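Structure first, commentary second.
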Amino acid sequence: MKSPVHRCRDVEHGRGQGRAGARANCQQAEQRIPISKDVITSSAASAMWFIRDACGIVCAVITWMLVLYADFVVLFVMLLPSKNLTYSIVNGTLFNILAFLALASHLRAMCTDPGAVPKGNATKEYIESLQLKPGQVVYKCPKCCSIKPDRAHHCSVCKRCIRKMDHHCPWVNNCVGESNQKYFVLFTMYIALVSLHSLVMVVFHFLNCFEDDWTTGDQHQKHHEQGIERLKGETGRWGNLPYWEAMQAAFGGPPSLAWCSPFAQLSCKSPPGHDPVPQGPIIEEDVIEIPLN
């Protein structure tokens with residue numbers, strides 16, 4: 001049976017062990033580097049990477065909406081109304097393939113780990129595992145407590161050090177680094193090809209829309225009609241002008257540099273002054289028929 005003195009010593013010893021264990025746990029807790037909630041990733045090789053940045057998410061959504069809107073305009077405005085079925089099928093297929101590759105490259109650039117350095121690897125054991133030569137110097141990032149490899153930089157948006165970081169692109173909501181720079185280059189290339197293809201189709205669409213009006217002599221008479229007259233279906237009760245004469249009448253004279261200037265006055269004769277309006281009651285009818293004498 002233990003005396004009261006021995007019991008007190010055991011209690012104090014137990015308290016000492018408990019305090020030492022608590023201190024060790026606190027030190028371990030301080031050495032742990034918490035994973036940022038702004039980055040969702042797994043430890044597997046096929047990790048899912050996504051940055052929770054409001055500006056980047058909005059820019060990425062706008063990018064997808066612009067590509068999808070361009071696809072809608074190309075299909076339903078330029079290709080489907082076209083009379084040439086082969087032209088529509090070939091260009092529609094080519095445009096959709098380029099748009100799909102652009103969006104796929106954008107998705108890979110956005111959801112691929114750009115080459116993030118593991119957080120909290122600035123330990124003695126890790127440095128020893130690098131097998132550095134005496135005299136070599138390594139640098140630690142004070143923000144993510146990691147050993148920075150060569151050409152690695154810290155991104156304030158991703159909150160990680162990125163290998164071979166080029167820049168943080170909000171349009172792909174990710175850094176452009178060692179592991180996703182290929183997808184970023186492919187994305188910009190396919191977007192450039194989509195834009196060039198769209199521009200070519202717009203030029204052909206413009207030329208096709210005005211082909212009959214520019215080449216057929218009978219259509220020249222219709223150019224003098226105003227847009228509201230076509231919509232209302234009014235037939236001309238006035239003398240129609242050929243297309244070229246209507247252009248000269250609208251721009252105020254023969255072709256010159258004044259056509260391109262918004263400050264040049266019309267060179268055509270100004271309308272004569274208004275005659276005084278005879279006073280009298282207003283006629284109530286909208287359509288007034290002049291009686292025959």
Side-chain angles (χ1 to χ4, degrees), residues 40 46-115 155 157-158 162 164-216 218-220 222-223 225 227 230-231 243 247 260:
I40 301 176
S46 59
M48 177 65 183
W49 174 278
F50 186 77
I51 303 299
R52 291 183 181 178
D53 178 58
C55 177
I57 294 174
V58 171
C59 291
V61 171
I62 292 176
T63 302
W64 277 66
M65 291 179 63
L66 289 175
V67 176
L68 295 177
Y69 177 72
D71 187 55
F72 170 80
V73 172
V74 168
L75 290 180
F76 293 94
V77 177
M78 291 193 293
L79 295 182
L80 289 181
S82 177
K83 300 178 182 179
N84 192 335
L85 182 61
T86 304
Y87 172 84
S88 300
I89 293 176
V90 172
N91 285 279
T93 303
L94 179 60
F95 184 88
N96 279 275
I97 290 176
L98 293 176
F100 171 77
L101 292 175
L103 294 179
S105 301
H106 181 274
L107 188 64
R108 291 297 302 273
M110 180 173 59
C111 298
T112 299
D113 184 349
C155 175
V157 179
C158 299
I162 308 298
K164 295 184 180 180
M165 175 183 172
D166 186 81
H167 69 287
H168 183 92
C169 179
W171 297 107
V172 298
N173 189 31
N174 201 0
C175 279
V176 179
E178 182 180 51
S179 302
N180 68 341
Q181 57 186 355
K182 168 189 174 181
Y183 308 124
F184 179 78
V185 172
L186 289 178
F187 167 68
T188 55
M189 182 188 70
Y190 286 126
I191 286 295
L193 292 177
V194 164
S195 303
L196 180 61
H197 187 209
S198 302
L199 181 61
V200 172
M201 286 191 294
V202 166
V203 172
F204 277 100
H205 183 73
F206 178 81
L207 295 177
N208 290 332
C209 286
F210 292 93
E211 181 180 5
D212 295 336
D213 296 337
W214 284 81
T215 56
T216 306
D218 296 338
Q219 297 292 334
H220 286 179
K222 297 182 180 179
H223 279 84
E225 296 177 354
R230 292 197 194 97
L231 292 175
Y243 179 83
M247 286 285 293
C260 303

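For clarity, every value in this text was computed on a predicted model and none was experimentally measured.
The list of side chain to side chain donor-acceptor pair (under 3.5 Å) pairs with a residue in residues 171-180, not counting sequence neighbours, reads Trp49-Asn174.
Among all heavy-atom pairs drawn from Ser82 and Tyr87, the shortest one is OG-CD2, 3.9 Å. Residues Gly177 and Ile162 approach most closely at CA-CG2, 4.1 Å, considering heavy atoms.
Checked against side chain to side chain donor-acceptor pair (under 3.5 Å), Tyr190 has no partners two or more places apart in sequence or in another chain. Evaluation of the side-chain contact (heavy atoms from CB on, under 4.5 Å) rule for Asn96 yields Asp71, Leu75 as partners, not counting sequence neighbours. Scored by the side-chain contact (heavy atoms from CB on, under 4.5 Å) test, Leu103 finds Trp64, Val67, Leu68 as partners (sequence neighbours excluded). Among residues two or more places apart in sequence or in another chain, the side-chain contact (heavy atoms from CB on, under 4.5 Å) test is passed with Val73 by Tyr69, Val77. Under the side-chain contact (heavy atoms from CB on, under 4.5 Å) criterion, Thr188 pairs with Phe184, sequence neighbours left out.
One finds the SG atom of Cys55 at 8.0 Å from the NE2 atom of His168 (value rounded to the nearest 0.5 Å). From Cys111, atom SG reaches atom NE2 of His106 across 9.0 Å, with rounding to the nearest 0.5 Å. In this structure, CG in Leu79 is found 10.5 Å from CG in Asn84, a value given to the nearest 0.5 Å. Once rounded to the nearest 0.5 Å, the distance linking CD1 of Ile51 with SG of Cys155 reads 7.5 Å. One finds the CD atom of Gln181 at 12.5 Å from the SG atom of Cys175 (value rounded to the nearest 0.5 Å).
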Side-chain atoms of residues 191-202: list all donor-acceptor pairs with protein atoms under 3.5 Å, sequence neighbours left out, distances to 0.1 Å.
residue	atom	partner	partner atom	Å
Ser195	OG	Ile191	O	2.8
His197	NE2	Asn91	OD1	3.0
Ser198	OG	Val194	O	2.8

